[in-house]
Each structure stands twice: as structure tokens, then as C-alpha cells.
Enquirer: 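Submitted below is the structure of interest, expressed as C-alpha cells.
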Amino acid sequence: MKICILLAAGAAMGALGLAACTPTKVAETPPATAPAPSAPKLPVSLNAVMVAMVDHAAEPIWVNGYKPPTSEAGWRDLEYNAHEVAVNGKLIQLVGTGPNDAKWVANPDWIRYADAMSAAGMAALAAAKAKDVAGVNTAGDQLVESCEGCHKTFKPDLTTGGIYKDPNYPKK
Ligand code: HEC
């Protein structure tokens, strides 16, 4: 580069010339787990997603583990709930409107637990399709592990949005 050579050649500007020619440090590539800059933002908080979607779909899967569906429609419901858990595990890797959401989804441990939840959903889906009750049970255990692991690490004592599974908690 012409300018570099000129600067470097200038006796008084030697040091400056070197500095000017040093390539600027390329910004570190973000970890693969970070959401893409164009990732959509959820219109509600992750707190709301937990209650309205994650918990809502997980609960009946656990129930079906010991009380298997007795009709085709029941098995189909189980399949749908399994789909929801599998997709929710990916959905909660997006930022919602909660104050901690961005910080949470940027943490690799968060992604790990969320992916584990998604995988448990897929296991439940396979078991539902095969009408394999023991498999539903095993997938349910796998699912609990993902919830508990993440909650131990990230869940605050009081939720950021004040949204709880039990509408009467905490006692008002
Ligand atoms: C990747 C992390 C993660 C996973 C996986 C996860 N949660 Fe959560 N969950 C949280 C965090 C964090 C909060 C608190 C959100 C807030 O305060 O904004 C929460 C809040 C909740 C709440 C609302 C608070 C309450 O106690 O009533 C429920 C219900 C819930 N989660 C259920 C589940 C269930 C069921 C699963 C598994 C099927 C699960 N979560 C999996 C991180 C996770």
C-alpha cells in the first residue's frame, strides 16, 4: 500500500507508520451458539414461553408416561405435544421481551439445556409414533433432566415477568 510505504519512509513518522500499517485486529467471530444478528425476536418473554408453551406441552407427556393414551386421538395429542417440546427447545434460543433473555440465550450452557430439551421432545415423538409407552416414560425422564438442569443454573427465585405455572404463586 502506497500510504504505508510513504509513512514508513518518513523518518520522524517511523513509529506511527508502523502502527498505521499494522492490520486492525479482526473482530472475533461470535460463538456458533450466538443467535444470528437477523434472528427474529419473540414477541413475549421467555418467562411467558416457559409457562404457556414449554410447561404446557411437557406436563401431558409426563402424564402419558404412566397413563398412556387410550385412543388414536390421545396418541396424536401426545405426538403434537412432543413436537411442541422439540420445537420449543429451539425457540427458547431466541431472545424474547424479558430483561434477562438476551443474556441467557448468549450463554452456551443455556443452549446446551435447550438442545437437550429439544432432543427429549424428539425422543417422545419417536415413542409416540411407535406407541411405545416405556419409551414415552424414558423420554419424560430425559425431559425432566433438561428442565431441572437449566432451572438450577438460570432460573431466578422470582421470575422476571412474574409469570408462574401456578397463578396463585407467589402468594399475594
Ligand atoms: C434453557 C433453560 C431452560 C429450560 C431447558 C427449561 N426452563 Fe423453565 N425456565 C427457565 C428460566 C430461566 C425461567 C425463569 C424465566 C424468567 O424469570 O424470566 C423458567 C421458568 C419456568 C416456569 C415459570 C416459573 C414457575 O416456576 O412457575 C415454568 C413453569 C417452567 N420454567 C417450566 C419448565 C419445564 C416444564 C421445562 C422442561 C420441560 C423447562 N421449564 C425447561 C429456563 C429453562
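Note that the structure is predicted; figures quoted are calculated from it, not measured. Ligands are counted one by one from 1 in listed order, and the atoms in each one are counted from 1 as well. Keep in mind that the numbers below use all heavy atoms, side chains included, and drop hydrogens, waters and symmetry copies.
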Enquirer: Could you check if a side-chain atom of Asp109 sits within less than 4.5 angstrom of a side-chain atom of Trp104, using non-hydrogen atoms only?
Expert: no
Enquirer: Are any of the N/O atoms on Tyr164, whether in the backbone or the side chain, positioned under 3.5 angstrom from an N/O atom of ligand 1?
Expert: no
Enquirer: Verify, without hydrogens or angle tests, whether Ser118 (side chain) and Gly89 (backbone) share a donor-acceptor contact under 3.5 angstrom.
Expert: no
Enquirer: Using a 4.0 Å cut-off to any heavy atom of Ala58, which atoms of ligand 1 qualify?
Expert: 38 (C)
Enquirer: Could you check whether any side-chain heavy atom of Pro40 comes within less than 4.5 Å of a side-chain heavy atom of Leu94, counting everything from C-beta outward?
Expert: yes
Enquirer: Quick test: of every protein heavy atom, which one is nearest to atom 43 (C) of ligand 1, and how far off is it to 0.1 Å?
Expert: Met50 CE, 3.1 Å
Enquirer: Distance to 0.1 Å, residue and atom name: give those for the protein heavy atom nearest to atom 17 (O) of ligand 1.
Expert: Thr160 N, 2.6 Å
Enquirer: So Asn81 and Glu59, side-chain hydrogen bond (donor to acceptor under 3.5 Å, both in side chains) or not? Walk me through it.
Expert: CA-CA 9 Å; Asn81 287 320; Glu59 191 72 34; over 6 Å; no
Enquirer: Report yes if the side chains of Thr159 and Tyr164 come closer than 4.5 Å at any heavy-atom pair, otherwise no.
Expert: yes
Enquirer: Indicate, as side chain, backbone, both or neither, the part of Thr159 found under 4.0 angstrom from ligand 1 when only non-hydrogen atoms are considered.
Expert: both
Enquirer: Is there side-chain contact between Phe154 and Asn107, with at least one heavy-atom pair below 4.5 Å?
Expert: yes
Enquirer: Which ligand 1 atoms, with their elements, are less than 4.0 angstrom from a heavy-atom of Val51?
Expert: 23 (C)
Enquirer: Among all protein non-hydrogen atoms, which one is nearest to atom 35 (C) of ligand 1, and what is the separation to 0.1 Å?
Expert: Asp55 OD1, 3.3 Å
Enquirer: With a cut-off of 4.0 Å, which atoms of ligand 1 are near a heavy atom of Cys147?
Expert: 34 (C), 35 (C), 36 (C), 37 (C), 38 (C), 39 (C), 41 (C)
Enquirer: Just which atoms of ligand 1 are under 4.0 Å from any heavy atom in Ile163?
Expert: 23 (C), 24 (C)
Enquirer: Who gets closest to atom 4 (C) of ligand 1 by heavy atom: Cys150, Gly162, Gly161?
Expert: Cys150
Enquirer: Going by the order shown, which atoms of ligand 1 are within less than 4.0 Å of some heavy atom of Leu143?
Expert: 38 (C)
Enquirer: For Leu46 and ligand 1, answer yes if some heavy atom of the residue is under 4.0 Å from a ligand atom, otherwise no.
Expert: no
Enquirer: Heavy atoms only: give me the nearest Asp101-Leu46 pair and the separation to one decimal.
Expert: OD2-N, 3.1 Å
Enquirer: Would you check the N or O atoms of Trp62, main chain and side chain alike, for any that come under 3.5 Å of an N or O of ligand 1?
Expert: no
Enquirer: Contact between Leu143 and Met117 at the side-chain level, heavy atoms closer than 4.5 Å - yes or no?
Expert: yes
Enquirer: Show the atoms of ligand 1 that are less than 4.0 angstrom away from any heavy atom in Ser146.
Expert: 5 (C)
Enquirer: Short check: any N/O/S atom of His151 below 2.8 Å from atom 8 (Fe) of ligand 1?
Expert: yes
Enquirer: Do Lys131 and Glu72 have side chains that get closer than 4.5 Å, going by heavy atoms?
Expert: yes
Enquirer: Under 4.0 Å from a heavy atom of Pro156: give me the atoms of ligand 1 that qualify, with their elements.
Expert: 14 (C), 17 (O)
Enquirer: Students should be able to answer this: which protein heavy-atom is nearest to atom 13 (C) of ligand 1, and at what distance?
Expert: Lys155 CG, 3.7 Å
Enquirer: Would a distance-only check, ignoring hydrogens and angles, find a side-chain to backbone donor-acceptor pair under 3.5 Å from Trp110 to Ile92?
Expert: yes
Enquirer: Quick one: does any side-chain atom of Asn100 pair with a main-chain N or O of Lys103 as donor and acceptor, under 3.5 Å?
Expert: no
Enquirer: Within the 4.0 Å heavy-atom shell around Lys165, which atoms of ligand 1 are there?
Expert: 25 (C), 27 (O), 29 (C)
